[in-house]
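Report on the following structure.
Excluded from the calculations below are hydrogen atoms, water molecules and symmetry mates; all remaining heavy atoms, backbone and side chain alike, are included. Lettering follows sequence order; numbering is per chain, from 1.
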Amino acid sequence: QLVESGGGLVQPGGSLRLTCAVSGFKVRNNYMNWVRQAPGKGLEWVSVIYSDGRTEYLDSVKGRFTISRDTVKNTFYLQMNSLRPEDTAVYFCASWVVADDAFDIWGQGTLVTVSS
Amino acid sequence: IQLTQSPSFLSASVGDKVTITCRASQGIRNYLAWYQQKPGKAPKLLIYGASTLQSGVPSRYSGSGSGTEFILTINTLQPEDFTTYYCQQFDSYPLTFGGGTKVEIK
């Protein structure tokens, strides 16, 4: 099970940290992702942290967003800085089944609104 | 890699068979998954590896294709199937999704 938290209203240029608490499996053994969905729009992959700690990002968030994990708390995070109105979306965390190449477990989503 | 789903909207009736196409801008072998998303909910995995049915998903769902063209087929539409479907590629970064297909009741 994945449970997100940390969403909310933030002004442009502000920061927010999203948290995804994981139960039932270990974050250190899986590829953990963030996916977002702007209001009324489609899905957009944002970032992944591999089991070995390496990371990948969508170009539009590189240098602004940082994905990380805490293997003791079995939790992973998305630190979002320099937020823009176009970052407004529901952010989902998702687990990547590497052997199957699919996101098999998703959180319920947390809404991030960037507005003045 | 850009994924283009067609149609964007589809009207059908309970009991119909429908097909949704996902075309990739370059070959992605069979690294494609299909998801169903209901309003206000997280996506649900239906198909991975282009054609493998996820455990627990009804057998009326099937996937086919390889390379650049993929198809999701839903046989005998049920009331709970009227919602939005997305494809996703895992061939290369950034991972991308198709624009979605909304299946509506005729």
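- Contact of B/Q37 with chain A is made through the side chain alone, with heavy-atom distances under 4.5 Å.
- Of the two parts of A/Q37, only the side chain, counted from C-beta on, holds a non-hydrogen atom closer than 4.5 Å to a non-hydrogen atom of chain B.
- Linking Ile, Leu, Val, Met, Phe, Trp and Tyr whenever their side-chain heavy atoms come within less than 4.5 Å leaves A/V90 and B/Y85 in two separate clusters.
- Aromatic rings from B/F90 and A/F103 are positioned such that their centres are separated by under 6.0 Å.
- B/L10 and B/V14 end up in the same hydrophobic cluster when Ile, Leu, Val, Met, Phe, Trp and Tyr side chains are linked at under 4.5 Å.
- Between A/V48 and B/Y93, the shortest heavy-atom contact is CG1-OH, 3.5 Å.
- Once rounded to the nearest 0.5 Å, the distance linking OG1 of B/T84 with CG of A/L43 reads 9.5 Å.
- Connection of A/W96 to B/Y35 is established within a shared hydrophobic cluster, with ILVMFWY side chains joined at heavy-atom distances below 4.5 Å, either directly or through further cluster members.
- Looking at heavy atoms from C-beta onward, A/D59 lies out of side-chain contact with B/P94 at the 4.5 angstrom threshold.
- Nearest heavy atoms, A/D101 versus B/Y48: O-CB, 4.2 Å.
- Atom CD of B/Q2 has 12 or fewer neighbouring heavy atoms from other residues, nucleotides or ligands inside a 6.0 Å radius.
- Of the listed residues B/P43, B/A42, B/G49, the one with more heavy-atom pairs under 4.5 angstrom with chain A than any other is B/P43.
- Rounding to the nearest 0.5 Å gives a distance of 9.0 Å between CH2 of A/W106 and CG of B/L45.
- When heavy atoms are compared at a cutoff of 4.5 Å, A/V97 does not approach chain B at all.
- A/I67 and A/Y77 fall into different hydrophobic clusters, where Ile, Leu, Val, Met, Phe, Trp and Tyr residues are linked whenever their side-chain heavy atoms come under 4.5 Å apart, directly or through other members.
- Under a hydrophobic clustering in which Ile, Leu, Val, Met, Phe, Trp and Tyr are joined whenever their side-chain heavy atoms come within less than 4.5 Å, directly or via other members, A/W45 and B/I28 fall into different clusters.
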